[in-house]
Amino acid sequence: FALSPDLYRGESTTDPDEAGRLMMGLEIERAGRDLGVAVDALRREPGIEGSRVGCLGFCMGGQLALYASCLQPEIAAVVDCYGVHPNVTLDLGACRAKVLGIFAENDDFISSADVQKLEEALAGAGVEAKLLTYVGVQHAFLNDARPDVFDAETSAQAWRDIETFFEAELR
């Protein structure tokens, strides 16, 4: 089962500048509450077995997935795919999830120093995490709707890594 909450409540755009404005204007606390409601709704869905929930996000969504795991103890596993949002502050001490990070070697938004800083923060908070940096790819390399950065071979490997992680952590 999967659920994708609409944190923009119906507002959308295909314009990159407008998308940036929407991202920066997102009310983070409200988004956190919306993500909590989404977790609760998913756990009530008929056919759901067990109580373990996984959360996956890309770019801003990756950062919000980590944020949600700090607010929702029901989230057992998080995949942060090149997550970045300058207005999100993580209380990693409250995170009970295991974390898989997916990053790109040639990312113009997240440097190797940023990845190292996140790894150190997770370790310092006692969060079990594995952060992977894929060589030769750029930010959003998993996005097949972005032919300028999509990398099919590396994307396939990253998806195998994500599936393996979720299978191990959500059983």
side-chain contact (heavy atoms from CB on, under 4.5 Å) assessment of Y134 paired with D151:
CA-CA 11 Å; Y134 295 82; D151 185 290; over 6 Å; no
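- The side-chain contact (heavy atoms from CB on, under 4.5 Å) with I102 is formed by just one residue from the set I162, L56, L131, T154; it is I162.
- Nearest heavy atoms, I110 versus G83: CD1-O, 3.2 Å.
- The CG atom of L90 lies 9.0 Å from the CG atom of L64; values are rounded to the nearest 0.5 Å.
- Judged purely by atom type and a 3.5 angstrom limit, R43 has no side-chain atom pairing as donor or acceptor with the backbone of V53.
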Go through the steps for D34 and R9 under the test side-chain contact (heavy atoms from CB on, under 4.5 Å), then give the verdict.
CA-CA 10 Å; D34 289 350; R9 300 181 177 195; 2.8 Å; yes
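- D80 has its side chain within reach of L118: a pair of non-hydrogen atoms, C-beta onward, lies under 4.5 Å apart.
- Atom OG in S4 sits 11.5 Å away from atom CG in L42 (nearest 0.5 Å).
- Rounding to the nearest 0.5 angstrom, the gap separating the CG atom in D6 from the CD atom in E11 is 9.5 Å.
- Within the structure, salt bridge (charged side-chain N to carboxylate O under 4.0 Å, His left out) contacts touching residues 123-141 (residues at least two apart or in different chains) are K98-E128.
- Listed here is the closest heavy atom pair of A65 and G57: CB-N, 4.1 Å.
- Around atom CD of E45, more than 12 heavy atoms belonging to other residues, nucleotides or ligands sit under 6.0 Å away.
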Give the C-alpha distance, both sets of side-chain angles, the deciding distance and a yes or no for side-chain contact (heavy atoms from CB on, under 4.5 Å) between V79 and C55.
CA-CA 6 Å; V79 178; C55 193; over 6 Å; no
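- The two residues L3 and A38 come nearest to each other via the heavy atoms CD2-O, 3.2 Å.
- Closest approach of F141 and A158 over heavy atoms only: CE1-CB, 4.0 Å.
- Cluster membership check: V135 does not share its hydrophobic cluster with F109, using side-chain heavy-atom separations under 4.5 Å among Ile, Leu, Val, Met, Phe, Trp and Tyr.
- The CG atom of D144 sits 11.5 Å away from the CZ atom of R146 when rounded to the nearest 0.5 Å.
- Residues L7 and V37 do not share a hydrophobic cluster, clusters being chains of Ile/Leu/Val/Met/Phe/Trp/Tyr side chains in contact below 4.5 Å.
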Please evaluate residues T133 and Q116 with respect to the criterion side-chain contact (heavy atoms from CB on, under 4.5 Å), reporting the C-alpha separation (whole Å), side-chain torsions for both, the decisive distance (0.1 Å), and the verdict.
CA-CA 11 Å; T133 298; Q116 180 67 33; over 6 Å; no
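- A side-chain donor-acceptor contact under 3.5 Å links S111 and D114.
- In this structure, W159 is not a member of the same hydrophobic cluster as F150, with clusters built from ILVMFWY side-chain heavy atoms closer than 4.5 Å.
- No side-chain donor-acceptor contact under 3.5 Å links N143 and Y82.
- The residues K117 and E120 are annotated as not salt-bridged, no charged nitrogen and carboxylate oxygen being separated by less than 4.0 angstrom.
- Transitive grouping of hydrophobic side chains (ILVMFWY, heavy atoms separated by less than 4.5 Å) brings V84 and L26 into a common cluster.
- Residue M24 is grouped with residue F58 when hydrophobic side chains (ILVMFWY) are merged at heavy-atom distances under 4.5 angstrom, including chains of intermediate members.
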Distance-only donor-acceptor pairs under 3.5 Å for side chains of residues 67-74, two or more places apart:
from	atom 1	to	atom 2	distance (Å)
S69	OG	L66	O	2.7

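- Other residues, nucleotides and ligands place more than 12 heavy atoms under 6.0 Å from the CD atom of E18.
- Formation of a donor-acceptor pair under 3.5 Å by the Q138 side chain with backbone atoms of N106 is not found in this model.
- Within the 4.5 Å cutoff, the side chain of L170 has heavy atoms near those of the R52 side chain.
- Between the side chain of H85 and the main chain of M23, a donor-acceptor pair closer than 3.5 Å is present.
- Evaluation of the ring pair (Phe, Tyr, Trp, His ring centres under 6.0 Å) test over residues 9-57, restricted to residues two or more places apart or in two chains, returns none.
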